[in-house]
Amino acid sequence: MRTVDLIAKKRDGGELSQEEIAFLIRGYTDGAIPDYQMSALAMAVYFQGMTPRERADLTMAMVDSGDRIDLSGVTGIKVDKHSTGGVGDTTTLVLAPLVASVGVPVAKMSGRGLGHTGGTIDKLESVPGFHVEIDNEQFLELVNRNGLAVIGQSGDLTPADKKLYALRDVTATVESIPLIASSIMSKKIAAGADAIVLDVKTGDGAFMKKMEDTRELAQAMVDIGNRVGRRTIAVISDMSQPLGYAIGNALEVREAIDTLRGQGPADLYELSLTLGSHMVVLAGKAADAEEARRLLEASVASGRALETFKTFLAAQGGDASVVDQPERLPTAAYRIEVPARSEGYVSGMAAERIGTAAMMLGAGRATKDSEIDLAVGIVLRKKVGDRVRQGESLATIHANKEQVEEVLENLYASIAIGSQPAAAPPLVYGVVEGQDGNGGIR
């Protein structure tokens, strides 16, 4: 087998066999295939695409390139959730304790964020004392005992994906659906999940801006999961405006606590129930999404979900008293209101630009070496469709510096106010399911 022949085959629209894909990924991982040849292959895939079978084979070749997490020591069906990211995406902080509280084990491997705010681990580390530096044995023991534990990414999971992702970033092939889908799914499968629920975002603040591309990516990932023996579904959700109101690490933890009390933003609560219902069904704890939703709503109403969150925080060294005293979370020195300059209705939001404004405050990382300020961020006061009076606050900036003019102007430029009432965008656009390798959108 020669790499150049396989590049030519894909360039000309041919279908690579499982053996050929394994040869390419193995060779690239161990250094036998140089970057320039893999760059050519990535560009060929970008233009010619891949069949569903090729995508599944590529995914498993990347899984086989490194370690796998063994979750067989955890009792029950392990269901993982993945979001394609967005602004104010606090769902994991709500979902993990929520589904764990009804008997679905959550063994979550998370990373640190690069973007508008930190990742799940950064957000959780807003809680004083919380840490993810636990060994695998303790990790599994905590999941079995409390239903929930979070650990940092460790070991050598999907090294082929790490190399290929870095290459795609500098060769203008990031946007390839087969390469995106295989990258995401390889990490989820290597992390040991039995079933996977995907939250695929669409809109201004999402990686996929257009609905057509979002649906294609969702379908590709669902098909991969089902083809390799992981029951997988995807929920397509809106990211044309930030989810919830808070954008920033400690601010999002506070909002997650409110949501677990049943007092959080309606959109964050509803999306958490939607995603959680599918996780509960896949875990075999409910016959359908309606029954699962009733279980989750009852857990919130009884306080069980919130207690699960407290137990989880304490078990990993965190000060669980922040749940009842959120003022103990990191707090910024300054709160600066953003008064509306005109009267009317919020007609649109530039979610990505709002996220960038939060990053300018220090809530996120521009590079891997950037330091995060866990206290800072933005709390929106209005969403699309809301009535606004002149002088009324559109948002509150939480900052550790007095001079935030650039952030202010970004927010004004991001929140459009029109004279006519505007309809809020749908929260969920559809669910992508696949059974026996056959996908469908409803």
Side-chain angles (χ1 to χ4, degrees), residues 3-4 6-7 10-11 16 20-50 54-69 82-86 89 109-122 151-191 198 200-201 206-209 213 217 220-221 224 352 355-356 359 364-372:
T3 303
V4 66
L6 301 182
I7 294 170
K10 178 48 66 179
R11 178 201 65 194
L16 299 174
E20 288 168 339
I21 291 171
F23 167 81
L24 290 166
I25 295 301
R26 188 167 55 247
Y28 184 53
T29 305
D30 64 23
I33 296 176
D35 277 351
Y36 60 82
Q37 284 191 306
M38 189 53 72
S39 298
L41 180 70
M43 191 61 75
V45 170
Y46 179 88
F47 283 111
Q48 294 292 357
M50 281 183 142
E54 283 180 298
R55 294 170 179 177
D57 287 344
L58 174 60
T59 300
M60 293 311 295
M62 292 197 290
V63 171
D64 292 339
S65 71
D67 298 337
R68 294 196 197 200
I69 302 298
H82 175 80
S83 169
T84 56
D89 189 7
M109 176 174 288
S110 293
R112 301 188 184 279
L114 183 62
H116 312 124
T117 62
T120 297
I121 287 177
D122 297 301
I151 194 172
Q153 290 177 350
S154 60
D156 194 22
L157 296 182
T158 62
D161 175 61
K162 292 184 181 73
K163 286 190 72 173
L164 186 55
Y165 188 90
L167 192 67
R168 287 164 52 210
D169 199 36
V170 295
T171 58
T173 54
V174 168
E175 293 86 355
S176 168
I177 295 286
L179 299 181
I180 297 168
S182 299
S183 173
I184 291 171
M185 293 304 291
S186 67
K187 291 189 280 284
K188 293 290 103 181
I189 292 163
L198 301 162
V200 187
K201 304 290 190 185
F207 177 69
M208 289 296 183
K209 314 289 186 191
D213 295 335
L217 175 60
M221 292 191 292
I224 288 170
E352 188 169 18
T356 300
M359 187 167 68
R365 293 183 179 89
T367 69
K368 283 191 254 187
D369 299 324
S370 301
E371 285 195 22
I372 281 183

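These values consider heavy atoms only, across backbone and side chains, with no hydrogens, waters or symmetry-generated copies.
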Are the side chains of [X] and [Y] in touch, meaning some heavy atoms are under 4.5 Å apart?
X	Y	value
Leu58	Leu179	yes
Ile177	Met50	no
Lys10	Glu54	yes
Lys209	Glu352	yes

With rounding to the nearest 0.5 Å, note down the distance linking [atom1] in [X] to [atom2] in [Y].
X	Y	atom1	atom2	value
Arg11	Gln48	CZ	CD	9.5 Å
Ile180	Leu217	CD1	CG	5.5 Å
Ser183	Met62	OG	CE	5.5 Å
Asp67	Leu157	CG	CG	6.0 Å
Met109	Ile121	CE	CD1	9.0 Å
Ser65	Asp156	OG	CG	7.5 Å

Legend entry - Those residues that, when tested against Arg26, pass side chain to side chain contact (heavy atoms under 4.5 Å, CB included) (two or more places apart): Ala22, Phe23, Asp30

Inset, instruction - Under the side chain to side chain contact (heavy atoms under 4.5 Å, CB included) rule, collect the residues that match up with Ala61, sequence neighbours excluded. - result: Ile21, Ile25

Inset, instruction - Please say whether more than 12 non-hydrogen atoms of neighbouring residues, nucleotides or ligands are located less than 6.0 Å from CZ in Phe207. - result: yes

Tell me which donor-acceptor pairs under 3.5 Å the side chains of residues 31-46 have, and how far apart each pair is, sequence neighbours excluded?
unit_1: Asp35; atom_1: OD1; unit_2: Tyr28; atom_2: OH; d: 2.9
unit_1: Ser39; atom_1: OG; unit_2: Asp35; atom_2: O; d: 2.8

Inset, instruction - Using salt bridge (charged side-chain N to carboxylate O under 4.0 Å, His left out) as the criterion, list what pairs up with Lys187, not counting sequence neighbours. - result: Asp161

Inset, instruction - Could you check Leu198 against Met185 for side chain to side chain contact (heavy atoms under 4.5 Å, CB included), going step by step and ending with a plain yes or no? - result: CA-CA 10 Å; Leu198 301 162; Met185 293 304 291; 4.2 Å; yes

Legend entry - Listed once per pair and sorted, the side chain to side chain donor-acceptor pair (under 3.5 Å) pairs that draw on residues 173-182, sequence neighbours left out: Thr59-Ser182, Thr171-Thr173

Legend entry - Distance-minimising heavy-atom pair for Ala220 and Ala181: CB-CB, 3.9 Å

Inset, instruction - Would you sort out whether Glu371 and Arg365 count as a salt bridge (Lys or Arg N to Asp or Glu O under 4.0 Å), showing the intermediate values? - result: CA-CA 7 Å; Glu371 285 195 22; Arg365 293 183 179 89; over 6 Å; no

Inset, instruction - Using atom types as modelled and distance alone, determine if a side-chain donor or acceptor of Thr158 lies under 3.5 Å from a backbone N or O of Ala160. - result: no

Legend entry - N/O donor-acceptor pair under 3.5 Å between Thr84 side chain and Val200 backbone: no

Inset, instruction - Go through the structure and list residues passing side-chain hydrogen bond (donor to acceptor under 3.5 Å, both in side chains) with Lys188, not counting sequence neighbours. - result: Asp80

